[in-house]
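As structure tokens, the structure follows; a few thoughts come after it.
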Amino acid sequence: MTERTGCTDTEQKEGPVRLHASADAEDEALVGALLVEGGLHRARGDLEQAEHVLRQALALAGRPAQSGGQAARLLARAQCGLAAVYRLRGRYRRAQALLRTALERAEGDPASDGLPELADLLNELAVTCKYTGEFDEAERLYRRVWAVLVEAGGPAHPELATVWHNLAGLAHARGDFAAAEPPARRSVALSERTLGPDHPAVAADRAALAAILDGLGRREEAERLLREALAVFGRVLGPGHHETAVTCHNLACLAYRRGRLAEAEQLFRRALAVKETVLGPDHPELAVTLHNLALVVEDRGRRSEALPLVRRAVAVLEGAVSPGHPLLSACRARASRTGGIPDSPPIADQDRP
């Protein structure tokens, strides 16, 4: 189950971000071009270059000059885009700090009145809070996104599919699979009507629903949906894409529960390899796959391989998520057992940019 997005303390060199217009129309055009370039780098998985370009966009969009609505929109897009890259790189606290500053400015500046990007800022902060384990705040923010979108476009607003998807993911993270299913199905239905059945976003919604159905024990439908999603991701995005890794991870969970341990290990290792390539070796998102791979190799009788995996999971999570985060607690419980790793079910991957 994963999230969809719209678009520690912040470092001193970033400074306070102000909602001011760019110096002139040429600056605004350049900011727009930088935002497109940054988005392309992000889509390709080049997060380092995406961050570099989006920092340039933010610096240019925030230059003191005459204020105006278009400048406010560009600045909000730059803030949201850079925060999303911070999140994808595992810098959750930095992302939160930037987003909170952006929302405070956007909600307090007359030039931002009716800002369409407000929903994107709220949604991105909600996603990041969910990653850090701040579930109550995430739900409150998702509800605000829903209200903003309904006010702007009514109950059939196409972006409401993102809200339903993310509310379902939050319920999944809390372990409330029954509550997660209705919004997940609403997300699939709305996305299919808007985008068509073969769009990657629709595949992401189906994969998210599959993780919930797995939790409800309806594994036949869950596996069918995951394999359909994997086919779309492989065809459209490629075998080395993050979406492919997430879907392989969740297929591995199903294989494990159905007793196919060799297949589960192969899929977990495939997911881990792609994540390490795309996200780097120390990204917090690796933890859920490391945790589950440890479970599989333990069950296959290779206990000596399991403990280093789960200890690595703890290491990548500590400092990145809240101390009471459920995944961190599960990993610590495993790592503390010197006589072996206790039995527990594998955990579905809930993270998608």
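Because only heavy atoms are used, hydrogens play no part in the values below, and waters and symmetry mates are left out as well, while side chains stay in. Position 1 is the first residue of the sequence, and the numbers go up from there. All figures in this text were calculated on a predicted structure; none of them were measured in a lab.
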From [X] atom [atom1] to [Y] atom [atom2], the distance as rounded to the nearest 0.5 Å:
X: Leu125; Y: Leu98; atom1: CG; atom2: CG; result: 10.0 Å
X: His165; Y: Leu209; atom1: NE2; atom2: CG; result: 10.5 Å
X: Arg206; Y: Thr247; atom1: CZ; atom2: OG1; result: 12.0 Å
X: His172; Y: Asn166; atom1: NE2; atom2: CG; result: 13.5 Å
X: Arg186; Y: Trp164; atom1: CZ; atom2: CH2; result: 4.0 Å
X: Leu122; Y: Cys80; atom1: CG; atom2: SG; result: 9.5 Å

* **Exam field: side chain Thr289 to backbone Leu272, donor-acceptor pair closer than 3.5 Å** => no
* **Donor-acceptor under 3.5 Å (Thr277 side chain, Gly240 main chain)** =>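 No, Thr277 side chain to Gly240 backbone: no donor-acceptor pair under 3.5 Å.
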* To do: Take Val297 and Arg269, measure what side-chain contact (heavy atoms from CB on, under 4.5 Å) needs, and give me the verdict at the end.
  => CA-CA 11 Å; Val297 299; Arg269 291 194 183 278; 3.8 Å; yes
* Val31/Glu28 under side-chain contact (heavy atoms from CB on, under 4.5 Å): CA gap, chis, key distance, verdict -> CA-CA 5 Å; Val31 171; Glu28 291 184 356; 5.7 Å; no
* What's the verdict on side-chain contact (heavy atoms from CB on, under 4.5 Å) for Val288 and Lys275, showing C-alpha distance, side-chain angles and the deciding distance? -> CA-CA 11 Å; Val288 67; Lys275 287 185 177 184; 3.8 Å; yes
* For the pair Leu160 and Val145, evaluate side-chain contact (heavy atoms from CB on, under 4.5 Å) and give the outcome as yes or no after the intermediate values. => CA-CA 9 Å; Leu160 286 172; Val145 177; over 6 Å; no
Would you name the heavy atoms of [X] and [Y] that are closest together and state the gap between them?
X: Gly196; Y: Val202; answer: O-CG2, 3.2 Å
X: His291; Y: Ala330; answer: NE2-CB, 4.0 Å
X: Val53; Y: Gly38; answer: CG1-N, 3.7 Å
X: His52; Y: Gln56; answer: NE2-NE2, 2.8 Å
X: Cys331; Y: Val310; answer: O-CG2, 3.7 Å
X: Arg100; Y: Cys129; answer: NH2-SG, 4.0 Å

* Is there a chain of hydrophobic side chains (I, L, V, M, F, W, Y, each step under 4.5 Å between heavy atoms) that links Leu82 to Leu40? ->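 Looking at the clustering, Leu40 is in a separate group from Leu82.
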* Asked: Do Leu167 and Val150 belong to the same hydrophobic cluster, where Ile, Leu, Val, Met, Phe, Trp and Tyr are linked whenever their side-chain heavy atoms lie under 4.5 Å apart, directly or via other members?
  -> yes
One thing to verify: whether [Y] and [X] come together as a salt bridge, which I'm taking to mean a side-chain N less than 4.0 angstrom from a carboxylate O.
X: Asp136; Y: Arg174; result: yes
X: Glu228; Y: Arg224; result: yes
X: Glu139; Y: Arg143; result: yes
X: Glu263; Y: Arg300; result: no
X: Arg144; Y: Glu107; result: yes
X: Arg89; Y: Glu285; result: no
X: Arg302; Y: Glu298; result: no
X: Arg42; Y: Glu48; result: no

Would you mind reporting whether [Y] and [X] have side-chain heavy atoms less than 4.5 Å apart?
X: Leu74; Y: Gln70; answer: yes
X: Arg258; Y: Glu223; answer: yes
X: Glu265; Y: Leu261; answer: no
X: Thr132; Y: Glu137; answer: no
X: Leu328; Y: Arg332; answer: yes
X: Tyr92; Y: Pro284; answer: yes
X: Asn123; Y: Leu141; answer: no
X: Thr244; Y: Val274; answer: no

* Asked: Is atom CD of Glu305 surrounded by more than 12 heavy atoms (other residues, nucleotides or ligands) closer than 6.0 Å?
  -> yes
* To do: Could you verify whether a donor N or O on one side chain and an acceptor N or O on the other, from Glu192 and His199, lie under 3.5 Å apart?
  => no
* So, Glu134 versus Gln96: side-chain donor-acceptor pair below 3.5 Å or not? ->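 Yes, because at least one side-chain N or O of Glu134 sits under 3.5 Å from a partner of the opposite role on Gln96.
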* side chain to side chain donor-acceptor pair (under 3.5 Å) contacts touching residues 319-330 (sequence neighbours left out) -> none
* Check side-chain contact (heavy atoms from CB on, under 4.5 Å) between Ala222 and all other residues, then give those that pass, not counting sequence neighbours. => Ala210, Leu213, Asp214, Leu254
* Relative to Tyr86, does Arg94 satisfy both conditions: NZ or CZ under 6.0 angstrom from the six-membered ring centre, and within 45 degrees of the ring's axis? -> yes
* Asked: For Glu276 and His283, what are the C-alpha separation, side-chain angles and deciding distance, and is it a side chain to side chain donor-acceptor pair (under 3.5 Å)?
  -> CA-CA 8 Å; Glu276 287 175 327; His283 196 285; over 6 Å; no
* Test side-chain contact (heavy atoms from CB on, under 4.5 Å) applied to Tyr256 and Asn292, Leu267, Asp299, Leu251, the passing residue ->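 Option passing the side-chain contact (heavy atoms from CB on, under 4.5 Å) with Tyr256: Asp299.
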* **Ring center gap for His241 and Phe233 short of 6.0 angstrom** => no
